[in-house]
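Report on the following structure.
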Amino acid sequence: MTANATRVLVLNSGSSSVKYQLLDMADGSRLAVGLVERIGETISRLAHTPLATGGAKREREEPFADHAAALNAVAAELAADGLGLDSPELAAIGHRVVHGGKQFTEPTVITDEVLAEIERLIPVAPLHNPANVTGIRTAQALRPDLPQVAVFDTAFHTTMPEAAARYAIDVETADAHRIRRYGFHGTSHAYVSRETAKLLGKDPSEVNVIVLHLGNGASASAVRGGKCVDTSMGLTPLEGLVMGTRSGDTDPAVIFHLARTAGMSVDEIDSLLNKKSGLIGLCGDNDMREIRRRIDEGDEQAALAFDIYVHRLKKYIGAYYAVLGKVDAVAFTAGVGENAAPVREAAVAGLEELGLAVDAGLNGIRSDAARLISPESARVAVAVVPTDEELEIATQTYALVSS
Ligand code: AMP
């Protein structure tokens, strides 16, 4: 790697999409961002914004048969802005990999063995890891000489003690099938817990933080001194909070009941709990903006969905307060957490005895900056901390390849 190689391309490959960002780690600036959607369909769409040149967003609609075709098109767009992947300034490509199992506790340079291991984890992440593997292989073909780094969604949670990570089911069966709580959104929880410490003027090792990542997927984590000690997602991203389309926690017997009494197949129940539950199952909408609008118009179904969402959130705040014993901050992040003041207000309402409160004026301010929304006198800080998973992936990737 040459001394002026400070750029990192971050790739987040989904089953039919690739999100990407090119960052310059000399100053953390974004040089280009984009998204390819509907890969493999008759018409795919590529949206590319060359921030480095101040150019406008460019959109292309054409069929990309596979990830290789999509990434070649991305490479061509970057080259058109003088940001080509053949540039000596490119230091590495960082890949978001959803499932790293128990073994990947850190960002890892991708070798043949590492890639084989990511493939071996496909049974526990059938929706995500195959796409991640495809993205890695395609990027390797484009730049075989360049370090490629896997940054795992699960890595931050590998510090969870066994008491939090194990389900209370037969140990032999659990171990034979790698059934345990892995947690997800780890890159966001790591970034936000660190940024929260920064906002408090402290080192991450000095503070205990409850992070509430509330996007379309949602998860909570308890972070003690910079290390995760519990998180709400489990074997898969289905457990925990009420989400846009996922149920979060239910009695596992709901599944047997649906199979036995409704005659539903495992795949149908999987789809029900992952895609037709949560907010969308409760009220027909999964966008919190729309739900708030309906509540303002007196819609009772939307109001109940909101109450169920907040009730679950409050239970996790209480649970993680107990897990941590002492809490310095509660941090809200992601689409809902960063933008929905009514969710933040309702989640903390009535928790004054725990030292938790929000200041209505501060909570109502719209801003892209990390900020405190608790009254100055509050014992526990309540913060809004925008997440930035791409920056975190780029930072971890660059740290690894430049060390
Ligand atoms: P994410 O998965 O982090 O991109 O979050 C997406 C979700 O954020 C959407 O489904 C919305 O429910 C929510 N969201 C985005 N903007 C707002 C807003 N201004 N107010 C309330 N919710 C929002």
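Counting convention: from 1, in listed order, for ligands and their atoms alike. Fair warning: this is a prediction, and the values are worked out from it, not measured in the lab.
Using modelled atom types, no side-chain atom of Asn274 and backbone atom of Arg246 make a donor-acceptor pair closer than 3.5 Å.
Within 6.0 Å of CD in Glu297 there are more than 12 heavy atoms belonging to other residues, nucleotides or ligands. Other residues, nucleotides and ligands place more than 12 heavy atoms under 6.0 Å from the CG atom of Asp170. In the displayed structure, Glu162 atom CD is contacted under 6.0 Å by more than 12 heavy atoms of other residues, nucleotides or ligands. The environment of Lys314 atom NZ is dense: over 12 non-hydrogen atoms of other residues, nucleotides or ligands sit within 6.0 angstrom.
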Derivation of the ring-ring contact (aromatic ring centres under 6.0 Å, His included) call for His99 and Tyr182: CA-CA 8 Å; His99 216 308; Tyr182 294 99; 4.5 Å; yes
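Those atoms of ligand 1 that come under 4.0 Å of a heavy atom in Ala340, given as number and element, are 21 (C). Which parts of ligand 1 touch Ala334 is read off a 4.0 Å heavy-atom cut-off, strictly below it: atoms 3 (O). Close approach to Asn286 involves these atoms of ligand 1, each under 4.0 Å from a residue heavy atom: 10 (O), 12 (O). For ligand 1, the atoms closer than 4.0 angstrom to any heavy atom of Gly215 are 1 (P), 2 (O), 3 (O), 5 (O). Taking a cut-off of under 4.0 Å to the non-hydrogen atoms of Val336, the atoms of ligand 1 that pass are 8 (O), 12 (O), 13 (C).
Protein heavy atom closest to atom 3 (O) of ligand 1, with residue, atom name and distance, is Gly335 N, 2.9 Å. Counting only heavy atoms of the protein, atom 20 (N) of ligand 1 lies nearest to Arg289 CG, 3.3 Å. If you check which protein heavy atom lies closest to atom 11 (C) of ligand 1, you get Asp287 OD1, 3.4 Å.
The proximity of Thr387 to ligand 1, defined as any non-hydrogen pair under 4.0 Å, does not occur for either the backbone or the side chain.
Nearest residue to atom 12 (O) of ligand 1 from Met288, Glu338, Glu389 is Met288 (criterion: closest heavy atom). Across the listed options Thr333, Asn339, Thr245, Val343, Asn339 owns the non-hydrogen atom lying nearest to atom 18 (C) of ligand 1.
Checked against a 3.5 angstrom limit, the closest N/O atoms of Asn216 and ligand 1 fall inside it. Considering both main-chain and side-chain atoms, Leu214 never comes within under 3.5 Å of ligand 1 through any nitrogen or oxygen pair.
Distance screen at 4.0 Å: atom 14 (N) of ligand 1 has a protein heavy-atom neighbour inside the cut-off.
In this view, Phe332 satisfies the ring-ring contact (aromatic ring centres under 6.0 Å, His included) rule with no residue, not counting sequence neighbours.
Put simply, part of Arg366 is less than 4.0 Å from ligand 1, judged by heavy atoms.
Thr6 and Asp24 form a side-chain donor-acceptor contact under 3.5 Å, judged by distance and modelled atom types alone.
Salt bridge present: Arg137 and Glu119 bring a charged side-chain N and a carboxylate O closer than 4.0 Å.
Screening Glu195, His185, His213, Glu338 for a side chain to side chain donor-acceptor pair (under 3.5 Å) with Thr333, the sole residue that qualifies is Glu338.
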